[in-house]
There are 2 protein chains.
Amino acid sequence: MILQIDVNSEKSLYTQIYESILLGIATGSLVPGASLPSVRQLGGELGVNLHTVNKAYRLLAQDGFVVINKKKGAFIAMDFSIDEKDIEELRESMTILLAKAHIKGLSLAETQTLVQSIAQDFTKEA
Amino acid sequence: MILQIDVNSEKSLYTQIYESILLGIATGSLVPGASLPSVRQLGGELGVNLHTVNKAYRLLAQDGFVVINKKKGAFIAMDFSIDEKDIEELRESMTILLAKAHIKGLSLAETQTLVQSIAQDFTKEA
DNA sequence: TTATTGTTATACTATTTATATAACAAGCAA
DNA sequence: TTGCTTGTTATATAAATAGTATAACAATAA
């Protein structure tokens, strides 16, 4: 668990932590049930405050990707479920991305190819 | 040009204006060369400050969707071009969305169907 | 007992978001 | 010329967000 943080990124620190862990789960390097470092430990490794790590963990738990045990620490969730709200959020975010792509002339076929090439990184073995 | 703004939205006001105009272009209700309301006029209609509208216009111009003429006002761009940076940004944003979808069990086929259903709103006539 | 866990509380700084006015330079129409 | 409109710039203010810094708490585990 030596994920990278860029202090010069336009993205906030907790967002970078959130997305790193999210991608870790999606690519299989973080498996369900795996334990995450304590907020103090990861904060120390990354050179950020423990509250910044805690915020990332809290958001991950809110979104169902992580389970937090007050005394044992944070763990990757054992099972993931999708609900109507998830789909609605996905549709809304995807709409903005696809609008930009469409205006700039990207064809549907090209878009589907891009989607497939990204999804391959998730469906393949790590 | 009576677009909607929600002051209780989690999204910032200028982001809502930006995305509304973006979707207007993508769906065809705002055609290339069409003039946008002045920052004062749209600000008045929406009940927001002219600087808030100006920020949305500035970002739209930065991203190539709008052209600003200091004395004539803002217009939808006449032609749109995609560059490597656009594609890289699209890929990065898309990666996060697809990671969430994949973790929550959405299949590639289901994702492609969602993409197609959204894209239809852009390719069809308005 | 002791160390570790997430959590809570407080305080502080910096940035972002949004508003409010005012003024400017340039285009255009009367 | 006069007057109106355009985006822009400048300044100021308030609220929210982001991030850090410390300290303390309750409960688990060794």
Side-chain angles (χ1 to χ4, degrees), chain A residues 1 3-22 25 30 33-78 96, chain B residues 1 3-22 25 30 33-78 96:
Chain A
M1 173 60 71
L3 81 198
Q4 295 283 8
I5 290 292
D6 176 10
V7 290
N8 294 326
S9 168
E10 298 157 11
K11 291 182 181 177
S12 60
L13 299 177
Y14 71 84
T15 298
Q16 292 180 58
I17 297 171
Y18 178 105
E19 293 185 348
S20 289
I21 293 172
L22 183 77
I25 302 172
L30 291 175
S35 74
L36 291 169
S38 75
V39 293
R40 287 174 178 82
Q41 184 183 336
L42 185 53
E45 287 178 13
L46 298 177
V48 303
N49 194 272
L50 87 172
H51 292 109
T52 304
V53 177
N54 187 258
K55 179 162 186 176
Y57 282 8
R58 196 168 6 105
L59 292 176
L60 283 163
Q62 231 169 62
D63 292 346
F65 300 113
V66 158
V67 171
I68 296 175
N69 182 309
K70 277 194 186 186
K71 303 308 163 185
K72 293 187 194 167
F75 301 83
I76 307 300
M78 289 301 292
I96 303 300
Chain B
M1 174 61 70
L3 81 197
Q4 296 283 7
I5 290 291
D6 176 10
V7 291
N8 293 327
S9 167
E10 299 157 11
K11 292 182 180 178
S12 61
L13 298 178
Y14 72 84
T15 299
Q16 291 180 57
I17 297 171
Y18 178 105
E19 293 185 348
S20 289
I21 293 172
L22 183 78
I25 302 172
L30 291 174
S35 74
L36 292 169
S38 75
V39 293
R40 287 173 179 82
Q41 183 183 337
L42 184 54
E45 287 179 12
L46 299 178
V48 303
N49 194 272
L50 88 172
H51 292 110
T52 304
V53 177
N54 187 258
K55 179 161 187 176
Y57 281 10
R58 195 168 6 106
L59 292 176
L60 283 163
Q62 231 169 62
D63 292 345
F65 300 114
V66 157
V67 171
I68 295 176
N69 182 308
K70 277 194 186 185
K71 303 308 163 187
K72 293 186 192 167
F75 302 83
I76 306 299
M78 289 301 291
I96 303 300

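Lettering follows sequence order; numbering is per chain, from 1.
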Contact interval (first through last nucleotide) of DNA chain D with protein chain B, 4.0 Å heavy-atom: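 Listing 5' to 3', DNA chain D meets chain B from dT6(D) to dA10(D).
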Rounded to the nearest 0.5 Å, what separation is found between the [atom1] atom of [X] and the [atom2] atom of [Y]?
X	Y	atom1	atom2	answer
Gln41(A)	Leu50(A)	CD	CG	12.5 Å
Ile76(A)	Leu60(A)	CD1	CG	7.5 Å
Asn54(B)	Thr52(B)	CG	OG1	9.0 Å
Leu36(B)	Leu42(B)	CG	CG	8.0 Å
Arg40(B)	Glu45(B)	CZ	CD	14.5 Å

Polar pair under 3.5 Å, donor/acceptor by atom type, side chain Lys70(B), base dA25(C):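 No, the side chain and the base share no sub-3.5 Å donor-acceptor pair.
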Smallest separation among heavy atoms of Ala77(A) and Gly64(A), with atom names: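 Reported closest heavy-atom pair: CB-O, 3.6 Å.
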Ala74(B) versus Val66(B), closest heavy-atom pair with distance: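 Of all heavy-atom pairs spanning Ala74(B) and Val66(B), the closest is CB-CG1, 4.1 Å.
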Measure [atom1]/[X] against [atom2]/[N] and give the value in whole Å, please.
X	N	atom1	atom2	value
Leu50(A)	dA9(C)	CG	C1'	13 Å
Lys55(A)	dG6(C)	NZ	C1'	17 Å
Glu10(B)	dT16(C)	CD	C1'	17 Å
Leu60(A)	dG6(C)	CG	C1'	15 Å
Arg58(B)	dA18(C)	CZ	C1'	13 Å
Arg40(A)	dA3(C)	CZ	C1'	11 Å
Phe75(A)	dG6(C)	CZ	C1'	11 Å

DNA chain D: 5'-proximal contact among Lys72(A) and Leu13(A) (nearest heavy atom):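 With Lys72(A) and Leu13(A) compared, the 5'-side residue is Leu13(A).
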Could you list the donor-acceptor pairs under 3.5 angstrom formed between side-chain atoms of residues 11-21 of chain B and any protein atom two or more places apart in sequence or on another chain?
unit_1: Lys11(B); atom_1: NZ; unit_2: Glu92(A); atom_2: OE2; d: 2.9
unit_1: Lys11(B); atom_1: NZ; unit_2: Glu19(B); atom_2: OE1; d: 2.8
unit_1: Ser12(B); atom_1: OG; unit_2: Thr15(B); atom_2: N; d: 3.4
unit_1: Ser12(B); atom_1: OG; unit_2: Thr15(B); atom_2: OG1; d: 2.6
unit_1: Gln16(B); atom_1: OE1; unit_2: Asp6(B); atom_2: N; d: 2.8
unit_1: Gln16(B); atom_1: NE2; unit_2: Asp6(B); atom_2: O; d: 3.0
unit_1: Gln16(B); atom_1: NE2; unit_2: Lys11(B); atom_2: O; d: 3.1
unit_1: Tyr18(B); atom_1: OH; unit_2: Asp63(B); atom_2: OD2; d: 2.5
unit_1: Ser20(B); atom_1: OG; unit_2: Gln16(B); atom_2: O; d: 2.9

5′-ward residue of the pair Ala74(A)/His51(A) relative to DNA chain C: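 So the residue in question is Ala74(A).
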Any side-chain heavy-atom pair of Ser38(A) and Tyr57(A) under 4.5 Å: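 With C-beta onward as the side chain, the pair stays apart.
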Terminal axis angle for the helix from dT1(C)-dA30(D) to dC24(C)-dG7(D), five pairs an end, nearest 10 degrees: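 Terminal axis comparison yields 30°.
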